[in-house]
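So that the names make sense, note that chain A is the first sequence line, chain B the second, and so on, each numbered from 1. Scope of the values below: all heavy atoms of this structure, side chains included, with no hydrogens, waters or symmetry mates.
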There are 2 protein chains.
Amino acid sequence: MSTPKASGEARRRRLPRGALTPERIVTASLALLDEQGLAAFTMPRLGRTLGADQTAVYRHFASKDDLVLAVADRLLTEAFEDFEPAVDDWRGTLVDVCQRVRTTYVSHPAAAVLSGPRITTGSSEMKAADAVVGALRAAGIPDPEVALYYRVIADFALLWSGGLAGFRILDESIQEAERTTWATAYATAPDQFGNLHSISGDLDRIESEQVFDTALELLLDSIAARAARARTGRGTA
Amino acid sequence: MSTPKASGEARRRRLPRGALTPERIVTASLALLDEQGLAAFTMPRLGRTLGADQTAVYRHFASKDDLVLAVADRLLTEAFEDFEPAVDDWRGTLVDVCQRVRTTYVSHPAAAVLSGPRITTGSSEMKAADAVVGALRAAGIPDPEVALYYRVIADFALLWSGGLAGFRILDESIQEAERTTWATAYATAPDQFGNLHSISGDLDRIESEQVFDTALELLLDSIAARAARARTGRGTA
DNA sequence: ACCTGAACACCGTTCAAGT
DNA sequence: ACCTGAACACCGTTCAAGT
């Protein structure tokens, strides 16, 4: 493929002037990750996707790590496109913010796994962050605690969604193998793990997304309860 | 180093019979990850650490991925060494389980980040899993919901701890850079992000570990509340 | 100013050969 | 039965050269 031949594969033309831009490179990276998975995200393949040389990307990003950071940013931008906080509905706003992250991460699992450890609170999308703080205040959380609960919501959305994405990325076969490991493990010692054994039927039917939703509801219920306590003047602790 | 010289570095001796075992290899991997970080965890360096050839590990693990799985398992084994559920204290038991995962992951951050996406509920340590289910029952959660809450606790412990580890792994410099990005971002548009701006002072002082603890308390508060509702026969909704 | 392509150091893995 | 070492295909990155 590197030696030009007289017939067959035409030698790739040189790319025109500003053919490559950071945006185009990030878009191509995301598409590559979505369609081919984590292992396919290499500079040679990215170059091929772009119709460019393997090293052309280095004219726009200092390193692959830098590119990953930009992909992570794109993910959050996509998550909060068109976002507007719900009016007079603090709980709806918080649910919306968390669901947006979850949906975006799960639909770009490979990119999400890459981004996961690289994103902390606030790489992007200040608007959503500001809305979370506003919602907590609207709920009636006293100011000193707002920052703490803000972090709870932000970390929940990002860390838990990243975890879901990680699970998604495993081959179906591996996921299946893990479930089997489980099943056989307590089948061999059913009386030693009686508690587990008796709920094993229920356990199989639970989807990871449902667990995410449940955890979020539990967190919001507690936040609502604390706000109510604060409003009736019963303090915190 | 591959060409034997007459003086200087003595040529490494051939390893004796059963010098390499899966256990020893996992221990060396964990040490390498702890001391040198994620990037240093390569087969050549692992081989050197073991005093063996670069490819010797393949006699005990089918692939590097297989080795990673074993390291992940070791992490959970370490986390639940000496674990016993607290008697008559369901909440204490759940806190203990979650803290053990957190402590182990944060003290082996590189290994935890590797393991993170590879571990789902129950790769190891059935005893802790069984104790979680037992604690939820002791709390008074009705059986159909126990499985769901079990997953909430298990996923919380593993996913959130994995996230903390990911954060730990970033160079201090990068962490600092991210905080600065933050600060400058809302400094440029303070009135557009008024909510955020007004809590920025509090935000800086919050540790990720504290956020973990707070989230756990919120989850447990809600679980306790649901159990209380179930006991007084008000159902679940 | 931006893209190319040869080159370098490195990695995971295979396999025939040693002991 | 287990360890070695040459070898292969591949990767991230650099740099002089092209246009």
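Rounded to a whole Å, the CZ atom of A/Arg59 is 13 Å from the P atom of D/dA16. We find that CD of B/Gln36 is positioned 12 Å from P of C/dC11, with the value rounded to whole Å. Look at CG on A/Leu32: it is 11 Å from P on D/dC11, rounded to the nearest Å. What separates CG of A/Leu67 from C1' of D/dT13 is a distance of 14 Å, to the nearest Å.
Sequence neighbours left out, the pairs with a member in residues 56-81 of chain A that pass ring pair (Phe, Tyr, Trp, His ring centres under 6.0 Å) are A/Phe80-A/Phe83. Sorted by first and then second residue, the salt bridge (Lys or Arg N to Asp or Glu O under 4.0 Å) pairs involving residues 100-114 of chain B (not counting sequence neighbours) are B/Asp96-B/Arg100, B/Arg102-B/Asp213.
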For a quick test of your reading: what N or O donor-acceptor pairs under 3.5 Å do the side chains of residues 107-114 of chain A make, sequence neighbours left out?
residue  : atom : partner  : partner atom : Å
A/Ser107 : OG   : A/Thr103 : O            : 2.9
A/Ser107 : OG   : A/Thr104 : O            : 3.1
A/His108 : ND1  : A/Asp34  : OD1          : 3.0
A/His108 : ND1  : A/Asp34  : OD2          : 2.7
A/His108 : NE2  : A/Glu78  : OE1          : 3.3
A/His108 : NE2  : A/Glu78  : OE2          : 2.9

Within the sub-3.5 Å range, which N or O atoms of nucleotides 17-19 of chain D have a protein N or O partner, and how far apart are they?
residue : atom : partner : partner atom : Å
D/dG18  : N2   : A/Arg14 : NH2          : 2.3

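Taking a pair as Watson-Crick or G-U wobble with both distances under 3.5 Å, the runs of three or more consecutive pairs in DNA chain D are C:4-8 with D:12-16, C:12-16 with D:4-8.
One finds the NZ atom of A/Lys127 at 10.0 Å from the CG atom of A/Asp130 (value rounded to the nearest 0.5 Å).
The side chain to side chain contact (heavy atoms under 4.5 Å, CB included) test applied to A/Ala147 returns B/Ile199, B/Asp202, B/Leu203, B/Ile206, not counting sequence neighbours. With sequence neighbours excluded, the residues forming a ring-ring contact (aromatic ring centres under 6.0 Å, His included) with B/Phe156 are B/Trp160, B/Phe212, listed by chain and number. Residues that satisfy the side-chain hydrogen bond (donor to acceptor under 3.5 Å, both in side chains) test with A/Tyr149, not counting sequence neighbours, are A/Glu145, A/Arg226. Scored by the side-chain hydrogen bond (donor to acceptor under 3.5 Å, both in side chains) test, A/Glu209 finds A/Arg168 as partners (sequence neighbours excluded).
One finds no side-chain N or O of A/Arg45 lying less than 4.0 angstrom from the OP1 or OP2 phosphate oxygen of D/dC10. In this structure, A/Thr55 does not reach the C/dT4 phosphate: none of its side-chain N or O atoms is under 4.0 Å from OP1 or OP2.
Which of D/dC11, C/dT13, C/dT4 sits closest to the side chain of A/Asp53 comes down to C/dT4.
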